[in-house]
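Heads up: the structure comes next, in structure tokens.
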Amino acid sequence: GNALRVVYPENQPADTRSEGIGYGMVIAAYMGDQQTFQGLRNYYFGRLDQFGLMNWKYNTCDGLGPNGQGSAADADLDAALGLIVAARQFPGTTFANDATTLLNSIRTRLFDDSCQGGRTLMSGSQGDGSFRQCGCVNPSYSTPAYYRIFAAFQTAQATFWNGAVAPTYGLLNAASPNNNTGLVPAWSNSTGGARAGNCNPEVAGGGNADEYQADAARTPWRVANDFFWTAGAAQQAQGILNPIINWVTTQNRIAQIVDRYSLTGT
């Protein structure tokens with residue numbers, strides 16, 4: 001179907017995760033590679049769940065399945081940003097329409113205003129699984145810089161998107177309770193505390209759900225986007241970033257940085 005996929009070669013057979021498609025769409029759009037972007041876009045939109053969001057995993061090249069039901073919210077946010085960038089990079093395409101369609105699905109399916117802590121990004125689209133609940137939140141999925149971009153793109157929904165920024169920073173601040181490290185866990189509840197309910201997520205890259213590891217390491221670079229992109233966001237972003245930066249400088253050499261830490265830095 002004129003689609004391209006990003007493979008996960010560590011697994012055999014090499015599967016495809018929606019986050020790889022989302023990352024690839026952002027990279028290809030920024031690099032002006034329309035052919036690659038179009039192929040990745042076709043893969044994403046060719047494998048949607050009933051809510052208009054890509055199922056998170058396919059185990060085979062032909063994409064029959066899916067083998068991972070429901071979406072992963074970080075992939076959906078990245079794909080939406082990629083479409084917005086692509087609409088600017090490649091005039092005369094329908095990528096802006098795709099972005100609007102995807103943003104509507106994200107807005108109506110992946111956010112819950114009833115969570116303690118305010119508007120919260122759910123981890124995925126599946127209502128019958130463990131990932132669409134206030135007790136099972138991945139802080140590294142939340143991207144305040146993207147919400148501001150979405151507000152500027154989808155002006156009729158600007159109030160909604162802008163309204164997700166403050167609760168996100170509230171979550172991130174609460175999820176990093178150790179001011180000496182600033183480290184955040186891979187998974188938490190909607191107020192940054194311990195997971196609740198039947199939340200038993202797969203933790204990529206090793207480690208435990210309550211540790212800082214490969215998943216959690218996305219949080220500082222997602223917040224750094226807001227620092228660099230948004231005038232007036234510096235104070236909010238620095239509140240998250242400075243403790244991590246200060247802690248990292250206490251590690252004597254970059255070679256001593258390891259794959260996983262407790263939130264206290266051990």
Side-chain angles (χ1 to χ4, degrees), residues 17-19 22 49 51 53-54 56-57 68-80 105-147 150 160-178 181-205 207-223 225-226 236-237 239-241 244 260-263:
R17 312 290 175 100
S18 61
E19 64 185 342
D49 68 4
F51 306 109
L53 303 162
M54 181 182 161
W56 76 272
K57 184 173 72 167
Q69 295 281 351
S71 81
D74 61 324
D76 304 319
L77 295 178
D78 285 328
S105 295
I106 293 170
R107 179 173 48 81
T108 56
R109 188 61 188 172
L110 292 182
F111 283 88
D112 192 328
D113 286 2
S114 70
C115 293
Q116 186 178 1
R119 185 162 296 162
T120 302
L121 178 69
M122 298 288 96
S123 299
S125 63
Q126 283 295 89
D128 57 353
S130 63
F131 302 122
R132 195 174 184 275
Q133 56 177 306
C134 301
C136 199
V137 172
N138 190 314
S140 76
Y141 285 7
S142 297
T143 310
Y146 286 14
Y147 302 156
F150 297 165
F160 176 91
W161 292 116
N162 287 326
V165 173
T168 296
Y169 274 109
L171 165 66
L172 295 177
N173 278 300
S176 55
N178 190 303
T181 67
L183 299 178
V184 296
W187 292 83
S188 72
N189 64 27
S190 64
T191 61
R195 290 169 293 136
N198 59 332
C199 183
N200 186 30
E202 176 180 330
V203 183
N208 298 317
D210 60 352
E211 294 178 336
Y212 181 87
Q213 43 63 268
D215 283 340
R218 295 178 293 202
T219 296
W221 66 255
R222 289 197 183 278
V223 174
N225 281 148
D226 209 24
Q236 286 177 301
I240 303 298
L241 298 174
I244 301 176
R260 47 190 284 218
Y261 288 92
S262 71
L263 300 191

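Residue pairs meeting the salt bridge (charged side-chain N to carboxylate O under 4.0 Å, His left out) criterion with at least one partner in residues 191-202, sequence neighbours excluded, are R17-E202.
Taking P144 as the reference, V165, T168, Y169, D226 meet the side-chain contact (heavy atoms from CB on, under 4.5 Å) condition, with sequence neighbours excluded. Residues passing the side-chain contact (heavy atoms from CB on, under 4.5 Å) test with I244, sequence neighbours excluded: P220, V248. Qualifying side-chain hydrogen bond (donor to acceptor under 3.5 Å, both in side chains) partners for Y261, counting only residues two or more places apart in sequence or in other chains: none. With sequence neighbours left out, the side-chain hydrogen bond (donor to acceptor under 3.5 Å, both in side chains) criterion links R119 to D113. For the side-chain contact (heavy atoms from CB on, under 4.5 Å) test, residues two or more places apart in sequence or in another chain that qualify with D112 are S114, C115, M122, C134. Considering only residues two or more places apart in sequence or on other chains, N225 meets the side-chain hydrogen bond (donor to acceptor under 3.5 Å, both in side chains) condition with none of them. Among residues two or more places apart in sequence or in another chain, the side-chain contact (heavy atoms from CB on, under 4.5 Å) test is passed with A80 by L102, L103, I106, F150. Legend: residues meeting salt bridge (Lys or Arg N to Asp or Glu O under 4.0 Å) with R260, ordered by chain and number and at least two apart, are E211. D78 meets the side-chain hydrogen bond (donor to acceptor under 3.5 Å, both in side chains) test with Y146, R222; sequence neighbours excluded.
Ring pair W187/Y141 is perpendicular by interplanar angle, where above 60° counts as perpendicular and below 30° as parallel.
Formation of a donor-acceptor pair under 3.5 Å by the S190 side chain with backbone atoms of G117 is not found in this model. Side-chain N or O atoms of D49 include one that pairs as donor or acceptor with a backbone N or O of F51 at under 3.5 Å. Judged by distance alone, with hydrogens and angles left aside, the side-chain atoms of T191 form no donor-acceptor pair with the main-chain N or O of Q116 at under 3.5 Å. Side-chain atoms of T120 come within 3.5 Å of backbone N or O of G118 as a donor-acceptor pair.
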Stepwise side chain to side chain contact (heavy atoms under 4.5 Å, CB included) check, L110 with L77: CA-CA 10 Å; L110 292 182; L77 295 178; 5.9 Å; no
